[in-house]
There are 2 protein chains.
Amino acid sequence: MTEELRLWNDGAAKQALVEFITRVTEQGGPDFVPLPDRIAVFDNDGTLWAEQPMYVQGFFVLDRIKALAPRYPKWRETEPFASALKGDLTAVLAGGEAAIVELLMATHADMTTEEFEQLVADWIAMARHPRTGRLYTEMVYQPMLELLACLRANGFTVWIASAGGIEFMRPWTERVYSIPREQVIGSSIKTKYELRDGQPVLVRLPELNFIGDKAGKPVGIQQHIGRRPIAAFGNSDGDFEMLEWVTSGEGLRLGLFVHHDDSAREFAYDRASTVGKFDRGLAEAPGRGWIVASMKRDWKRVFAFETA
Amino acid sequence: MTEELRLWNDGAAKQALVEFITRVTEQGGPDFVPLPDRIAVFDNDGTLWAEQPMYVQGFFVLDRIKALAPRYPKWRETEPFASALKGDLTAVLAGGEAAIVELLMATHADMTTEEFEQLVADWIAMARHPRTGRLYTEMVYQPMLELLACLRANGFTVWIASAGGIEFMRPWTERVYSIPREQVIGSSIKTKYELRDGQPVLVRLPELNFIGDKAGKPVGIQQHIGRRPIAAFGNSDGDFEMLEWVTSGEGLRLGLFVHHDDSAREFAYDRASTVGKFDRGLAEAPGRGWIVASMKRDWKRVFAFETA
């Protein structure tokens, strides 16, 4: 197993991962966990792929606003659209949650699930990260991919539990993470079944259905999985309740935060960041027995495209 | 495969099932479906187990009302509780959906998910069908269990999509149907994450979250699975939209209704029934290419406890 996690440097994080996996898979051992209960949940943004300088779905929203602007000339004079069209994120965020929801609804609703799927698939195949110029799907953390594979090889079922949109992730999680659509949990808007030209469709409505952040993560996990996972992986305070929920169950449990402390290979941010704020989790992790993995110290490599 | 479906009599229904499974699993054939897309959805009440003279969850509600009544003396004078305590279903149903929701909330909410799970597990281990005196978990249809096993043996993933409560089913679907909790879709109330005595719990709130009936079935299927199944099995008009959604996808599809026409071994009901009304589905099935399986003609045996 040490061999399987070869992108992880020797240290406390790797040791904790190896020990946990070894103990829960040891037939007849005191910490053995049967296959159906070997469930691990992973946050997505900042845990499996980069979330700086902004959540990838935020870039999708901005690109959609630009693409739709010709149809809505008034957007040039109306907030939050005017700022979004200028790419002025600070001004957009000044509008608070209401502004974000307005942009989300303008770009995510009033189309069928299949139309939205196509939009996401087309965008993710082309859009590139503003700093590296790489496809967003290349901005995934190789040590985490390796960990996903290692868990699967040890009988785990691996789920995503993200605050991001469930239907924004599903078009590419299978290809990028080998996580199938039905193992993705995330925020959603309501949908409605109807017939269009005699063909049934699911129409995406401009109405929030579920927000899978913070205390919403355990709620979404229960809704989709129906049992408490034994391991949880996150990187921000948005994952706090998920780690709390998972690690307070009976038997051996694992909680791990990825700490973004590598400004050279990725980004360095924690307590003071707007995106992926990591404050309470960082402070309380040691007392709760949660592992804080340092991107800088614990990972031999971050991205696949890195030169040695 | 014909051997695997030995509880199905030779006839159009069995032939359609065998042909469908053969064609979608034929490597290189024109109808071949890769493993991740081999998804079948099953209604529960009336499709996998008996729903007469009332949905099993209805009996659970009545038993819970009786158990809770000493704590709420006013229930003896307040509808719909008074009628529920008398076991007068007609009077309860006269109160319409509002009465049913009131009884549901009084019996399903204001406790943690773990407490509810325990209530259901304890009840389902003891409660017995009013006509047969059998445990409800013995009231499952053997030919359908056989079909579930046959589908799984052919690489299908099998889900339940029921209007019943998701958390009412999960405690026993794995044991009874070999369908794990994460493959159960159903109606739900909202839950809230909170700390009680320092321990995190999910509290069930007296507020509807999702109704998985009729046009809600495709919505729930998309929310949980994220792809359109290729086969759907139901028995009532509550399953109409599910069959419509599933069978209107591209490629070979299968829709099947179980027709309850066997008053000797089970029950006989369709167009005029309050529980499991089967009217539009029965009328439109032939035109839509959906199979109607006759319980009487197509099944060699209904229940495991039947004497030959």
Side-chain angles (χ1 to χ4, degrees), chain A residues 35-37 39 112-114 117 157 159 166-167 169-171 173-174 178 180-186 188-195 198-205 209-210 214-229 240-250, chain B residues 35-37 39 112-114 117 157 159 166-167 169-171 173-174 178 180-186 188-195 198-205 209-210 214-229 240-250:
Chain A
L35 282 175
D37 290 320
I39 294 172
T112 70
T113 49
E114 287 175 357
E117 160 114 19
T157 306
W159 293 69
I166 186 169
E167 301 297 3
M169 296 182 279
R170 280 172 161 165
T173 55
E174 193 145 13
S178 302
R181 291 154 179 270
E182 53 269 40
Q183 284 157 223
V184 177
I185 305 167
S188 58
I189 57 178
K190 289 195 190 295
T191 62
K192 183 171 177 284
Y193 182 79
E194 64 177 54
L195 296 179
Q199 284 302 306
V201 291
L202 288 167
V203 179
R204 295 170 57 82
L205 305 178
N209 177 58
F210 175 69
K214 300 188 173 75
K217 290 210 178 194
V219 169
I221 287 168
Q222 176 64 25
Q223 183 73 16
H224 283 260
I225 310 181
R227 50 183 132 209
R228 207 188 297 212
F240 192 94
E241 286 85 353
M242 175 169 78
L243 265 75
E244 184 177 59
W245 172 244
V246 165
T247 60
S248 60
E250 279 175 28
Chain B
L35 282 176
D37 290 319
I39 294 172
T112 68
T113 49
E114 287 174 358
E117 159 116 17
T157 306
W159 293 68
I166 185 170
E167 301 296 3
M169 296 181 278
R170 280 172 162 167
T173 55
E174 192 147 10
S178 303
R181 291 153 179 270
E182 52 269 40
Q183 282 155 227
V184 177
I185 305 168
S188 58
I189 57 178
K190 289 196 190 293
T191 62
K192 183 171 176 283
Y193 182 80
E194 63 177 54
L195 295 179
Q199 285 301 308
V201 290
L202 289 167
V203 179
R204 293 170 58 82
L205 306 178
N209 177 58
F210 175 69
K214 300 186 173 73
K217 288 211 181 195
V219 170
I221 288 168
Q222 175 64 26
Q223 182 73 17
H224 283 260
I225 310 181
R227 50 184 132 206
R228 208 189 296 212
F240 191 94
E241 287 85 354
M242 176 170 77
L243 265 74
E244 184 178 58
W245 172 244
V246 165
T247 60
S248 60
E250 280 174 30

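Proteins get letters first, then strands, A, B, ... in listed order; numbering begins at 1 in each. Model, not experiment: these values are computed from the prediction.
- Side-chain contact between A/Asn209 and B/Phe210 is absent, with no heavy-atom pair separated by less than 4.5 Å.
- Only the backbone of A/Val201 comes within less than 4.5 Å of a heavy atom of chain B; no side-chain atom from C-beta onward does.
- In plain terms, the two heavy atoms of B/Tyr193 and A/Ala215 that are nearest each other are CB-O, 3.5 Å.
- Put simply, NE2 on A/His224 and CD1 on B/Ile225 are 11.5 Å apart, with the number rounded to the nearest 0.5 Å.
- Only the side chain of A/Leu195 comes within contact range of chain B, with heavy atoms under 4.5 Å apart.
- Both the backbone and the side chain of A/Leu202 come within contact range of chain B, each with at least one heavy atom under 4.5 Å from a heavy atom of that chain.
- In this structure, the side chains of B/Glu114 and A/Arg228 come closer than 4.5 Å at one or more pairs of heavy atoms.
- No side-chain heavy atom of A/Pro36 sits under 4.5 Å from any side-chain heavy atom of B/Arg181.
- Contact annotation for A/Thr191: both backbone and side-chain heavy atoms come within less than 4.5 Å of a heavy atom of chain B.
- Inter-residue side-chain proximity for A/Arg170 and B/Arg227 is flagged as unmet; no heavy-atom pair is nearer than 4.5 Å.
- Both the backbone and the side chain of A/Ser248 come within less than 4.5 Å of a heavy atom of chain B.
- At a 4.5 Å heavy-atom cutoff, the contact between B/Glu241 and chain A is made by backbone and side-chain atoms alike.
- Using a 3.5 Å distance cut-off with no hydrogens or angles, the side chains of B/Glu182 and A/Gln183 do not pair a donor with an acceptor.
- Residue B/Glu194 does not touch chain A at all, counting heavy-atom pairs closer than 4.5 Å.
- Heavy-atom distances place no part of A/Glu117 under 4.5 Å from chain B, backbone and side chain included.
- By the neighbour-count criterion of 12 heavy atoms within 6.0 Å, atom NZ of A/Lys214 is sparsely surrounded, having that number or fewer from other residues, nucleotides or ligands.
- In terms of heavy-atom pairs under 4.5 Å with chain B, the best-connected choice from A/Gly249, A/Gly216, A/Gly226, A/Ser188 is A/Gly226.
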